[in-house]
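Each chain gets a letter, A, B and so on, in the order the sequences are listed, and its residues count up from 1.
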Amino acid sequence: MKLDFIPLDYDYFDFEGRNYARIIGRDSKGKRICVIDSCPVYLWAILKDGLKHEKINKLIKEIEKIELDLKGRRTKVEKVELHEKSFLGKKVNALKVFATNYKDLHDVADQLGFPEIEKRRGYDLGFITHYIIEKKIIPMHWYELSGEVLNNSQEFGGIDSAFDVDVCIKLESFRAIEDKKLNPKFLAYDIETDEIKLGEGEILMISLVSDSFRKVITWKETKHKKPEYVEYVKDEAELIEKFVKYVGDISPDLLVGYSSDSFDLPYLKARAEKNEVNLSLGLDKSQPKFTRGINITGKIKGIVHIDILKFIRTAYSQYMQSETLSLNEVAKEFLGDSKKDFKIKHSSKIGEGDWEKYYEYNLHDSILTFGLFEKMWPDMLEFTKIMQEPIFDVSRNGMSKNVESYILHNLEKFNEIPEKRPMHDEISERRQREKYEGAFVFEPAPGLYEDVVMFDFTSSYGSVIVTYNLSKSTFLEKPEKDSYNIETGGKKLYFAKEIGFFPEMLKEIIEKRKHYKEELKHKPDVIKKARSNAFKLLVNSAYGYQGFFGARYYCPEAAAASAAFARKAIKDTMEEINKQEFKIIYSDTDSIAFLRGKKSEDQILKFLKELNSNLPGIMELELEGFFKRGIWVTTRAGTAGAKKKYALIDKNNKLKIRGFETVRRDWCRLAREVQNRIIRQILEDGNEKNALQYVKEIIKKLQQRKINKEDLIIRTQLKKSISEYKAVSPHVIAARKMQEREIPVSQGNLVEYYIAETKEKKKLVREKVKLPDEAGEYNIEYYLKNQILPAVENIFQIFNSDVNDIIKDKKQTTLGDF
DNA sequence: GACTGAACTATACC
DNA sequence: ACGGGTATAGTTCAGTC
């Protein structure tokens, strides 16, 4: 039988001691296909240099004798071949040791302690990754397959009949074909419960949303008119069973939740157990399986379970405006829609008339989740195609893991044997290493400036890695002819001239990124945009990867050299800019801000071109922007210019604010808004007069208690569990208060509080902390002295001292009132 | 008990 | 455990006078 096929989900099973990949996907008509396939299983034994043929042959004979009987399974070495390979860029002779079962490769490796063998590699990729590398059946690409249809056959123990698919075939041959359009079925879901703690309360309702389906299932009936999307069941057990039935009937390719790895799915599992019903969501009626540990993931056989929150965290969060990754904020930013307004209460406290609102709230959460998923699907698809790992993993992995996936799936072009994952001891050793010197930040001279130009290096660190060939395999202990070198941390680091596979891959990624970005300019579409973005993220993560303790290709020397070369590049460029007698205002890592002076914008662009013609390798400087005005302030402590804190305004009055309190979520809204307004005012006007007037009005309002309490709420994240804190800061007190009142609060939550007046004079801020709904009056002195004034003081300070005096007077008189 | 610098903590920049 | 280092700033804590 022949058919077109796109792989969506992968897993594997053992049959008669051997591993078989099971790939679930669709054909071009939309039928669900299950493909069973196998591949050779092997590891690499890298031989010592200069071994004689006879010795190698003798070794091969020895290795071929290895047989293991572990974990109730027989594995033996089935074949040994000698190959010329490359390992970390060096030519090596290596034995390809074939064995029966992938899971036993580690034990086989343990048996290879022969003196002739230098290293053992390639046994720790996981069978699925190994299979994809070996067979090149890559997720989300189209293939034409031919194979034998398994129809109630006893082959593989009747696996075809256990799986609810249209066709199950044993793969015989395949070829890659052109991409076709895929319309996978998505289904979003969301649950509402009585308790937040896993499994401790009852599940009240579950919503399901696809493009043509909207449903809320609940056992909480209301006497009011039932909305048509609501379906009643008799109890929680039936609710879970009904949910399973709907998922089975709709039979989506992807089941999507928001935070569902750690909440919805495990909650369902826990309640199913409690009610003694099966959460048989898998295509083979199996229940979801969860990984242990801090980072829980929930896997359903044959259906790809996606927790969209995780993908948002790795792929989008660094470019987002949202201050938290809550469904509400994220939906606002991406969809312009928000959660339904409904205050969740325990079901016993919900009034008869409120249930309808609760149903709607529950339904809308799934609508938002579905909307987000649709929006992010192109990115997820491109990520998966590029990293070549199953979408289940790619959608959850951090960028460092994604970089590694990309490397592992592209090693073959370099004939490279994969490096091993660091073991536990090695990781703790790496984590203890001393920090290396990082980026250079130029101390600005505080002031208000006109006509500011900003240049920056495109993918600075990525370009440096490629230009100077910085990687584990190119790092040299001693200098070689023409090797690249740089001094940092009192040591000179050398890197080979001949390009290594890591910089080479990165070079390709940068070129591809450029290519798609260019195409995007001429003919924009979502796929190109997604692809360009995925490559951009890969480039930006390559530097962090090499310095990351968990990396296979960990190389702190390469990371340190990357930072050192980047420092050199920015300083050299600054020197060139200085030579042209431009005044440099600021610089951080890969950007330089300077005054345009009397030169025109065209002349600046010409100058940029000139700078670029003299840059080494693929280093490239680009225009970040021309700005009408910009301000830099002093640090709070002294007169030195503050780094990482500035504001710019362009011709269209668009602001670019960095580091100021107004962009920090742990300051109250009033302070942030006041600061934002005075920054805008000053940058628009070119002076401080109007801004100062505005601040005076606000201070007056504050003193007259005319400010809304909501504008004074301070939000701080609980970064660890309450008991772990050594210092008891205000937000810890707020969290303790919440605990006392049995308001759920845990690590990672944003804690809200305000600072209130107290009867007696209290010294510590934490003694004045009150929760938002706790009765009390806001503490005028605190909000003046610790929020408003600190946010505006050093902005006015950059003007003449008269203004400064007014502020100081103001401060004294206002504070003197108490 | 007031003062002061160090330690702890959160968050931002690139 | 699930890129890196640089930087500001508030608040508490612990020691000194």
**DNA chain C: 5'-most and 3'-most nucleotides touching chain A, 4.0 angstrom heavy-atom criterion** =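 Using the under 4.0 Å cut-off, the span is dA1(C) to dC13(C).
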
**Request:** State which residue, out of K644(A), K645(A), K643(A), fulfils the salt bridge (Lys or Arg N to Asp or Glu O under 4.0 Å) condition with D588(A).
**Result:**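 Of the listed residues K644(A), K645(A), K643(A), the salt bridge (Lys or Arg N to Asp or Glu O under 4.0 Å) partner of D588(A) is K644(A).
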
**Message:** Under the salt bridge (Lys or Arg N to Asp or Glu O under 4.0 Å) test against E323(A), which residue among R665(A), R672(A), R664(A) passes?
**Reply:**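 With E323(A) as partner, R665(A), R672(A), R664(A) yield a single salt bridge (Lys or Arg N to Asp or Glu O under 4.0 Å), made by R672(A).
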
**Request:** With sequence neighbours left out, write down each residue that passes salt bridge (Lys or Arg N to Asp or Glu O under 4.0 Å) with D261(A), or none if nothing qualifies.
**Result:**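 Only K310(A), R396(A) meet the salt bridge (Lys or Arg N to Asp or Glu O under 4.0 Å) criterion with D261(A).
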
Scan [X] against the nucleic acid and name what it touches under 4.0 Å (heavy atoms): base, sugar-phosphate only, or nothing.
X       : result
E437(A) : sugar-phosphate
Y436(A) : sugar-phosphate
R433(A) : sugar-phosphate
G438(A) : sugar-phosphate
G550(A) : nothing
N786(A) : sugar-phosphate
K643(A) : sugar-phosphate

**Asked** Which letter, B, S or -, goes with each nucleotide of nucleotides 7-14 of chain B from 5' to 3', with contact meaning a protein heavy atom under 4.0 Å?
**Response** -SSBBSBS

If you take the centroid of each ring, where Trp contributes its six-membered ring, are [Y] and [X] closer together than 6.0 Å?
X       : Y       : answer
F442(A) : Y586(A) : no
Y754(A) : Y782(A) : no
F455(A) : F594(A) : yes
F311(A) : Y316(A) : yes

**Prompt:** Taking atom CG of L712(A) and atom NZ of K709(A), what is their separation to the nearest 0.5 Å?
**Reply:**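 These two atoms lie 9.5 Å from each other.
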
**Asked** Which atom pair, heavy atoms only, marks the closest approach of Y646(A) to F660(A)?
**Response**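 Minimum heavy-atom contact is C-CE1, 3.5 Å.
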
**Prompt:** Considering only the C1' atoms, how many Å lie between dG3(C) and dT9(B), rounded to the nearest integer?
**Reply:**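 Here dG3(C) and dT9(B) have their C1' atoms 22 Å from each other.
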
